Amino acid sequence: MTASSTAPVPSEKGAEVGRRIGVGLMYGLWKPRVLGAWRVPATGPVIYAVNHSHNIDGPMVMGVAPRPTHFLIKKEAFVGPLGRFLTGIGQLKVDRHSTDRTAIGQALGVLADGGVLGIFPEGTRGEGDFASLRAGLAYFAVRSGAPIVPVAVLGSTDRPGRLIKALPPLRSRVDVVFGDPFDAGDGSGRRTRRALDEATERIQKQLTAHLDNARRLTGR
């Protein structure tokens with residue numbers, strides 16, 4: 001991957017607007033229980049690595065996280081008014097099927113500015129168990145030197161809602177568990193394919209251990 005982008009880096013101001021909207025929606029529609037938010041570094045670049053099993057996982061983290069977040073979101077979501085809204089609240093459009101240099105440059109720009117980047121390392125919605133990770137997370141972590149904070153969202157897929165089957169039941173509990181920040185690199189600063197593969201292995205072990213611990217903590 002090579003970062004090359006002339007696209008502007010989204011502002012933290014927009015992401016903060018998104019966070020405030022998320023607070024109102026997530027706490028208004030469901031009952032989030034947030035554990036470990038104090039583990040998120042108060043300043044400096046951070047990468048949230050979030051498991052992904054439901055469409056509300058991103059908005060849920062955006063709403064309950066202690067800092068405004070810029071998520072990498074598939075370009076298919078950026079359609080019409082929703083696309084303009086997502087751009088306005090500082091979210092990043094990414095083409096998952098190619099080397100999207102614009103998205104790469106913007107994401108690295110967020111981290112260089114000391115912001116928070118949100119990534120679904122599995123690449124797409126699935127079981128949400130971190131069983132298969134793409135290399136993108138390792139690349140951003142090693143390239144930027146930003147610590148990774150694992151985030152487990154649990155309960156969003158327990159059962160469908162009565163009114164809207166595609167959403168969890170209204171006022172149901174959704175747990176969001178933040179883990180301890182860790183560095184993905186080995187300290188050498190290497191960015192070779194082998195170094196990224198090794199970093200991905202380290203990341204997967206950390207994320208899987210966090211998910212197991214989160215399940216024990218929440219009883220899910």
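Please read all numbers here as calculations on a predicted model, not as lab measurements. Quick note: numbers below take in every heavy atom, side chains included, and nothing from hydrogens, waters or symmetry partners.
Nearest heavy-atom pair across Glu12 and Pro68 is CG-CG, 3.6 Å. Taking both residues in full, the closest heavy atoms of Pro147 and Pro181 are given as CB-CB, 4.1 Å, listed atom of the first, atom of the second, then distance. Between Arg96 and Lys74, the closest heavy-atom pair is NE-CB, 3.5 Å.
Between Met60 and His54, the closest side-chain pair of non-hydrogen atoms is not below 4.5 Å. Considering only heavy atoms from C-beta on, Gln206 stays 4.5 Å or farther from Pro150 through its side chain. Counting heavy atoms from C-beta outward, Val149 and Pro41 have side chains that approach closer than 4.5 Å. Between Ile203 and Pro121 there is no side-chain heavy-atom pair separated by less than 4.5 Å. In this structure the side chain of Phe140 reaches within 4.5 angstrom of the side chain of Ile104, judged on heavy atoms. Taking 4.5 Å as the limit, every side-chain heavy atom of Leu25 sits out of range of all side-chain heavy atoms of Pro59.
Residue Arg173 holds its CZ atom at 9.5 Å from CG of Leu154, rounded to the nearest 0.5 Å. Between the CD1 atom of Ile119 and the CD1 atom of Ile148 there is a distance of 8.0 Å, given to the nearest 0.5 Å. A distance of 9.0 Å separates CE of Met62 from CE of Met26, quoted to the nearest 0.5 Å. Thr87 OG1 to Leu82 CG: the interatomic distance, rounded to the nearest 0.5 Å, is 9.0 Å. Taking OG1 from Thr218 and CG from Asn213, the interatomic distance works out to 9.5 Å, rounded to the nearest 0.5 Å. How far CG of Leu211 is from CG of Asn51: 6.0 Å, rounded to the nearest 0.5 Å.
Pairs passing the salt bridge (charged side-chain N to carboxylate O under 4.0 Å, His left out) check and including a residue from residues 21-35, sequence neighbours excluded, read Arg33-Asp175. For residues 176-200, every residue pair satisfying the ring-ring contact (aromatic ring centres under 6.0 Å, His included) rule, not counting sequence neighbours, is listed here: Tyr48-Phe178.
Formation of a donor-acceptor pair under 3.5 Å by the Gln106 side chain with backbone atoms of Pro8 is found in this model. Under a 3.5 Å cut-off, the side chain of Trp30 and the backbone N or O of Pro168 do form a donor-acceptor pair. No donor-acceptor pair under 3.5 Å is formed between the side chain of Arg39 and the backbone N or O of Gly179. Between the side chain of Asp100 and the main chain of Asp95, a donor-acceptor pair closer than 3.5 Å is present.
Exactly one residue among Asp57, Val61, Leu86, Val116 makes a side-chain contact (heavy atoms from CB on, under 4.5 Å) with Phe71. That residue is Val61. Of the candidates Leu92, Ile89, Asp113, Pro10 forms a side-chain contact (heavy atoms from CB on, under 4.5 Å) with just one, namely Leu92.
Leu35 belongs to a hydrophobic cluster whose other members, connected by ILVMFWY side-chain contacts under 4.5 Å either directly or through intermediates, are Val177, Leu217.
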Check the pair Leu117 / Leu108 against side-chain contact (heavy atoms from CB on, under 4.5 Å), numbers first and verdict last. CA-CA 9 Å; Leu117 180 68; Leu108 289 173; over 6 Å; no

Residues Leu29, Leu167; criterion side-chain contact (heavy atoms from CB on, under 4.5 Å); working and verdict: CA-CA 10 Å; Leu29 296 174; Leu167 295 176; 5.9 Å; no

Salt bridge (charged side-chain N to carboxylate O under 4.0 Å, His left out), that's the test. Do Glu16 and Arg19 meet it? Break it down for me. CA-CA 5 Å; Glu16 174 60 21; Arg19 190 185 75 83; 3.0 Å; yes

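Counting heavy atoms of neighbouring residues, nucleotides and ligands inside a 6.0 Å radius, atom CZ of Arg171 exceeds 12 of them.
Using a cut-off of 4.0 Å between Lys/Arg side-chain N and Asp/Glu carboxylate O, Lys205 and Glu201 are scored as not salt-bridged.
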